[in-house]
Amino acid sequence: METLLEEQEALLDRLVVLLEEERDVLIHEDGNRLRELVALKENLQADLERSEVKRKESWGEATLMQMVSRLNEERAKRLQHMGESVKERIKEIKALQEINMMLTRQSADYSQRLMDILQQTLRKSGITYGKKGAVETGQGVTASMDRSV
């Protein structure tokens, strides 16, 4: 039992490190490293899922508290302490995920605002791409609709 909890705690510790790095990468807008981190997080998620399958194979549907009640006092205390540590890691992970989601939304909003500004500038300047892909200057933006069927 302890080995399984130790394995889960180690996986959660790795996830905390990845989420902290992801936060820094989002702040510094390093898209290449962000892709790498996403892949690492996906692998870690698979490891966590395998660990959960092992737990269910070993414990069935029993909770940690139910397992603790079956043990002697010393092992029960050790298992409870490990369970509390895992619970704290999970709280930390949730907080980091929330921060990273806010940073992601902020980045997406910034990118959308930048695109809006660029589009407004292009409309005002009258610079468009012609049918052959060359930049043309004209008055405003014209739109056409293909009515052929």
Side-chain angles (χ1 to χ4, degrees), residues 1-125 127-135 141 143-146 149:
M1 282 183 265
E2 288 98 349
T3 304
L4 185 58
L5 278 175
E6 287 170 351
E7 178 185 324
Q8 287 181 336
E9 188 172 14
L11 290 170
L12 293 173
D13 287 344
R14 285 181 30 212
L15 183 57
V16 166
V17 170
L18 287 176
L19 289 169
E20 288 172 340
E21 185 176 354
E22 182 181 50
R23 180 194 59 216
D24 294 340
V25 164
L26 287 167
I27 290 169
H28 295 99
E29 299 177 356
D30 183 352
N32 291 329
R33 183 61 183 151
L34 184 59
R35 279 190 291 278
E36 293 170 3
L37 288 173
V38 168
L40 290 171
K41 283 175 32 180
E42 287 172 352
N43 292 337
L44 192 54
Q45 176 65 31
D47 291 344
L48 284 165
E49 288 172 5
R50 282 190 288 276
S51 177
E52 181 62 12
V53 168
K54 281 190 216 174
R55 186 195 66 79
K56 286 186 177 183
E57 288 172 355
S58 297
W59 299 10
E61 294 300 318
T63 65
L64 180 63
M65 293 311 292
Q66 290 168 334
M67 294 302 290
V68 165
S69 68
R70 300 175 191 168
L71 302 173
N72 67 39
E73 187 176 337
E74 183 182 326
R75 283 189 73 199
K77 283 183 181 183
R78 190 171 41 234
L79 220 57
Q80 279 180 316
H81 178 71
M82 292 174 79
E84 289 170 14
S85 180
V86 166
K87 190 185 289 188
E88 287 302 312
R89 280 288 176 257
I90 291 171
K91 284 180 185 178
E92 188 176 358
I93 287 167
K94 286 180 180 180
L96 285 167
Q97 285 177 318
E98 182 64 30
I99 289 168
N100 291 351
M101 282 302 299
M102 286 188 297
L103 288 169
T104 301
R105 277 189 232 116
Q106 181 183 17
S107 179
D109 289 345
Y110 174 77
S111 296
Q112 183 60 50
R113 181 67 182 132
L114 186 59
M115 288 300 297
D116 292 345
I117 290 168
L118 290 173
Q119 288 174 350
Q120 288 173 3
T121 302
L122 286 175
R123 284 188 194 112
K124 288 179 183 176
S125 69
I127 297 174
T128 61
Y129 288 100
K131 291 180 182 180
K132 295 184 180 182
V135 176
V141 175
S144 64
M145 185 183 305
D146 186 2
V149 178

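Everything quoted here is computed from the prediction, not taken from an experiment.
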Do the side chain of Q66 and the main chain of T63 share a donor and acceptor less than 3.5 angstrom apart?
yes

Sorted by chain and number, sequence neighbours left out, salt bridge (Lys or Arg N to Asp or Glu O under 4.0 Å) with R50 holds for D47

Could you give all pairs that pass the side-chain hydrogen bond (donor to acceptor under 3.5 Å, both in side chains) test and reach residues 94-111, with sequence neighbours left out?
E22-N100

When rounded to the nearest 0.5 angstrom, what is the spacing between CE in M82 and CD in E6?
4.0 Å

Side chains of D116 and Q112: any donor to acceptor distance under 3.5 Å?
yes

L26 side chain near D24 side chain, heavy-atom distance below 4.5 Å
no

If you measure from CG on L4 to CD on E57, what distance do you get to the nearest 0.5 Å?
10.0 Å

Distance, nearest 0.5 Å, that separates CD of E21 from CD of E36:
8.5 Å

Give the C-alpha distance, both sets of side-chain angles, the deciding distance and a yes or no for side chain to side chain donor-acceptor pair (under 3.5 Å) between E49 and Q45.
CA-CA 6 Å; E49 288 172 5; Q45 176 65 31; 3.1 Å; yes

Apply side chain to side chain contact (heavy atoms under 4.5 Å, CB included) to residues E20 and E92 and explain how you reach the verdict.
CA-CA 10 Å; E20 288 172 340; E92 188 176 358; 3.9 Å; yes

For side chain to side chain contact (heavy atoms under 4.5 Å, CB included), just list the numbers for H28 and R33, CA-CA rounded to whole Å, side-chain angles, deciding distance to a tenth of an Å, and then say yes or no.
CA-CA 10 Å; H28 295 99; R33 183 61 183 151; over 6 Å; no

Report the distance from atom CG of L44 to atom CG of L19, rounding to the nearest 0.5 Å.
9.0 Å

Lys/Arg N to Asp/Glu carboxylate O, R55 vs E52, below 4.0 Å
yes

E74 CD: over 12 foreign heavy atoms closer than 6.0 Å:
no

Separation between CD of E88 and CD1 of I93, rounded to the nearest 0.5 Å:
11.5 Å

What one should report as the nearest heavy-atom pair of L15 and L48 is CD2-CD1, 4.3 Å

To the nearest 0.5 Å, atom CD of Q8 lies from atom CG of D13 at 12.0 Å

For the pair R14 and L11, evaluate side chain to side chain contact (heavy atoms under 4.5 Å, CB included) and give the outcome as yes or no after the intermediate values.
CA-CA 5 Å; R14 285 181 30 212; L11 290 170; 3.6 Å; yes

Taking all atoms of both residues into account, what is the closest heavy-atom pair of L64 and G83, and its distance?
CD2-CA, 3.3 Å

Check salt bridge (Lys or Arg N to Asp or Glu O under 4.0 Å) between R70 and all other residues, then give those that pass, not counting sequence neighbours.
none

Say whether, by atom type as modelled, one donor and one acceptor occur between the side chain of S85 and the main chain of H81 under 3.5 angstrom.
no

Which is it for R75 and R78 under the side chain to side chain contact (heavy atoms under 4.5 Å, CB included) test, yes or no, and what are the steps along the way?
CA-CA 5 Å; R75 283 189 73 199; R78 190 171 41 234; 3.3 Å; yes

